[in-house]
Each structure stands twice: as structure tokens, then as C-alpha cells.
Undergrad: 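Encoded as C-alpha cells, here's the structure I'll be asking about.
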Amino acid sequence: MLLQPRRTKYRKSQKRIRCLTGLAHRGSHISFGVYGLKAVTRGMITGRQIEAARRAIARHVKRGGKVWIRVFPDKPITKKPLEVRQGKGKGSVEYWVAVIKPGRILFEMEGVSKELAQEALTLAAAKLSVRTKFEERTVK
């Protein structure tokens, strides 16, 4: 199950490097679970990376506890086919990414011990293209 939007208003979008600047204000606190994985660096995470991280968590906790995915890949990335000359318009949509800013919570967990959650989220972090840190909810 690859994450991507069911339908969008426009098929392709501009690159918008400016949307990568600054810190995350939305989604920067643990809202649902007790433990979380927080992004430290900025970047883009593909739908495949999110799914691989989710599977790593699910396998490690052996379907115990509950996991929330707090990011969704809603930005289309286009690519031209191999051996095609320049010009002739923009390429077709190749994959979808979620734009990640520092401070964004990527995954949340509850229902497992702190040690197990830390191990599972460390395994998930290895699948992602941004550096992350383990966070624990402070106020409940």
C-alpha cells in the first residue's frame, strides 16, 4: 500500500524550494501517542520510505501497540524518461513526497515500553532520508 493522494486539483506542481525553509510549527508536538520520531534536518520523504518505516515498526513491535503516521506525501515529483532530449514539456509524475522541516513529528507510538518503542523508531529512522531523534511526550 503506497501512500499517495486519491485525486488532486492539479496533476503536477512546481518545485518550490522556498517551501523547504524555516522550522515546522504544525505537527511539531506529540499529539496522539506517548513516543515519537522527530525530524532534525529538512528534506523530502517519499511514500516508499514512509511505508518501509511503517513496516519496520510493525515488525519490531509484533503488531503490539498503536502507530500513527503524521506525514503524508502530497507533493508530486516529475521525471523525464531515460534518453529523452531536453524540451518538449515537463515529465510525468514519478513519485510523491512529503516535505519535512526540522521539528516535524513523523511517527507516534503508544502501548509499548519505552525501550521497545525506541528500538522500533530507530529501525524506522534508518529507512528515512532525514536525520531524526526519539521524543517522549512531556505533558498528558
Side-chain angles (χ1 to χ4, degrees):
M1 172 202 107
L2 211 60
L3 287 174
Q4 67 183 42
R6 283 195 192 92
R7 57 184 298 275
T8 56
K9 189 170 183 180
Y10 299 106
R11 201 160 45 95
K12 301 171 185 177
S13 74
Q14 292 185 338
K15 202 164 251 152
R16 308 266 323 237
I17 299 298
R18 205 170 63 228
C19 71
L20 273 172
T21 61
L23 301 174
H25 299 296
R26 298 173 75 110
S28 59
H29 299 290
I30 297 175
S31 306
F32 306 104
V34 181
Y35 309 108
L37 192 66
K38 185 180 244 187
V40 178
T41 58
R42 70 187 73 250
M44 295 182 179
I45 296 179
T46 67
R48 285 178 183 272
Q49 290 173 344
I50 295 169
E51 178 63 15
R54 185 198 65 78
R55 283 185 180 174
I57 293 169
R59 284 205 179 109
H60 192 73
V61 297
K62 298 182 176 65
R63 294 188 300 164
K66 182 153 174 54
V67 178
W68 287 270
I69 303 171
R70 294 285 308 274
V71 290
F72 185 79
D74 56 357
K75 184 178 177 63
I77 300 296
T78 60
K79 190 180 175 200
K80 286 198 162 193
L82 288 173
E83 299 179 11
V84 169
R85 292 186 178 185
Q86 291 300 302
K88 306 285 189 285
K90 192 169 180 168
S92 58
V93 174
E94 196 74 13
Y95 56 93
W96 296 81
V97 298
V99 176
I100 305 298
K101 295 180 180 182
R104 178 73 191 223
I105 300 290
L106 307 175
F107 293 93
E108 290 185 24
M109 288 182 76
E110 77 170 7
V112 291
S113 66
K114 182 179 178 179
E115 293 75 29
L116 190 64
Q118 198 159 9
E119 290 166 8
L121 291 174
T122 304
L123 286 172
K127 311 288 182 192
L128 303 174
S129 58
V130 292
R131 283 213 313 269
T132 57
K133 67 177 181 178
F134 179 79
E135 286 266 314
E136 195 171 357
R137 190 173 187 163
T138 51
V139 290
K140 179 75 177 167

Undergrad: Does G103 offer a backbone N or O that forms a donor-acceptor pair with the side chain of S28 under 3.5 Å?
TA: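 No, the answer is negative, given that no donor and acceptor are paired below the 3.5 Å cut-off.
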
Undergrad: Look at atom NZ of K127 and say whether more than 12 heavy atoms of other residues, nucleotides or ligands are closer to it than 6.0 Å.
TA: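 It does not: K127 NZ has 12 such atoms or fewer within range.
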
Undergrad: So, the side chain of K80 versus the backbone of G89: is there a donor-acceptor pair under 3.5 Å, distance only?
TA: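 Side chain of K80 to backbone of G89, a donor-acceptor pair under 3.5 Å: yes, one is there.
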
Undergrad: I need the F72 CZ to I45 CD1 distance, nearest 0.5 Å.
TA: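 These two atoms lie 14.0 Å from each other.
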
Undergrad: Does a side-chain heavy-atom distance below 4.5 Å link E110 with W68?
TA: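 Heavy-atom side-chain distance check passes, below 4.5 Å.
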
Undergrad: Measuring from atom CG of L121 to atom CD1 of I57, what distance do you get when rounded to the nearest 0.5 angstrom?
TA: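 Going from CG on L121 over to CD1 on I57, the span is 5.0 Å.
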
Undergrad: Would you check if the side chain of S31 reaches a backbone N or O of H29 as a donor-acceptor pair within less than 3.5 Å?
TA: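 Judged by distance alone, yes, a pair lies under 3.5 Å.
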
Undergrad: Can you name the ring pair (Phe, Tyr, Trp, His ring centres under 6.0 Å) partners of F107, sequence neighbours left out?
TA: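 Not a single residue meets the ring pair (Phe, Tyr, Trp, His ring centres under 6.0 Å) criterion with F107.
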
Undergrad: Between K38 (side chain) and P102 (backbone), is there a donor-acceptor pair under 3.5 Å?
TA: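 Here the side-chain-to-backbone pair does not exist.
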
Undergrad: Under the rule for salt bridge (charged side-chain N to carboxylate O under 4.0 Å, His left out), what residues qualify as partners of K133, not counting sequence neighbours?
TA: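 Residues passing salt bridge (charged side-chain N to carboxylate O under 4.0 Å, His left out) with K133: E135.
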
Undergrad: Judged by atom type as modelled, is there a donor-acceptor pair below 3.5 Å linking the side chain of K12 to the main-chain atoms of K90?
TA: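 Yes.
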
Undergrad: Please determine if E51 and R48 form a salt bridge, counting it only when a charged side-chain N lies under 4.0 Å from a carboxylate O.
TA: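 Salt bridge between E51 and R48, a charged N being under 4.0 Å from a carboxylate O: no.
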
Undergrad: Give a yes or no on whether the backbone of V99 and the side-chain of R104 come within a donor-acceptor separation of less than 3.5 Å.
TA: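 No: the side chain of R104 does not pair with the backbone of V99.
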
Undergrad: What heavy-atom pair brings P5 and P73 nearest, and what distance separates the two atoms?
TA: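 Of all heavy-atom pairs spanning P5 and P73, the closest is CD-O, 3.5 Å.
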
Undergrad: If you count every heavy atom of other residues, nucleotides or ligands that lies below 6.0 Å from F134 atom CZ, does the total exceed 12?
TA: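 Yes.
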
Undergrad: For the CD1 atom of I105 and the CZ atom of R137, what is their distance to the nearest 0.5 Å?
TA: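 Output value for this atom pair is 10.5 Å.
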
Undergrad: To the nearest 0.5 Å, what is the distance between CD1 (I30) and OG1 (T138)?
TA: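 One finds 8.0 Å between CD1 of I30 and OG1 of T138.
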
Undergrad: Would you check if the side chain of R42 reaches a backbone N or O of G22 as a donor-acceptor pair within less than 3.5 Å?
TA: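 Flag set: sc R42 to bb G22 pair under 3.5 Å.
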
Undergrad: Testing I77, L2, T8 one by one against W96 for a side chain to side chain contact (heavy atoms under 4.5 Å, CB included), which residue passes?
TA: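 Exactly one pass, corresponding to T8.
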
Undergrad: Can you get from L123 to V130 by hopping between Ile, Leu, Val, Met, Phe, Trp and Tyr side chains that sit under 4.5 Å apart?
TA: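 No; V130 is not reachable from L123 via cluster members.
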
Undergrad: Would you confirm whether E108, through its side chain, and R70, through its main-chain N or O, come within 3.5 Å as a donor-acceptor pair?
TA: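 Checking the backbone N and O of R70 against the side chain of E108, no donor-acceptor pair under 3.5 Å is found.
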
Undergrad: As an exercise, state the distance from CE of M44 to CD of Q49, rounded to the nearest 0.5 Å.
TA: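 The distance works out to 11.5 Å.
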
Undergrad: Just jot down the salt bridge (charged side-chain N to carboxylate O under 4.0 Å, His left out) partners of E136, sequence neighbours excluded, or say none.
TA: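 Partners of E136 by the salt bridge (charged side-chain N to carboxylate O under 4.0 Å, His left out) criterion, ordered by chain and then number, come out as K114.
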
Undergrad: How far does CG of L116 sit from NZ of K62, to the nearest 0.5 angstrom?
TA: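 NZ of K62 is found 7.5 Å from CG of L116.
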
Undergrad: Write down the atom of V61, the atom of A120, and the distance for their closest heavy-atom approach.
TA: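 Residues V61 and A120, closest heavy atoms: CG1-CB, 4.0 Å.
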
Undergrad: Pair L37, L128 - check side chain to side chain contact (heavy atoms under 4.5 Å, CB included), show working.
TA: CA-CA 11 Å; L37 192 66; L128 303 174; 4.0 Å; yes

Undergrad: Evaluate V67 against M109 for side chain to side chain contact (heavy atoms under 4.5 Å, CB included), listing each step before the verdict.
TA: CA-CA 5 Å; V67 178; M109 288 182 76; 4.1 Å; yes

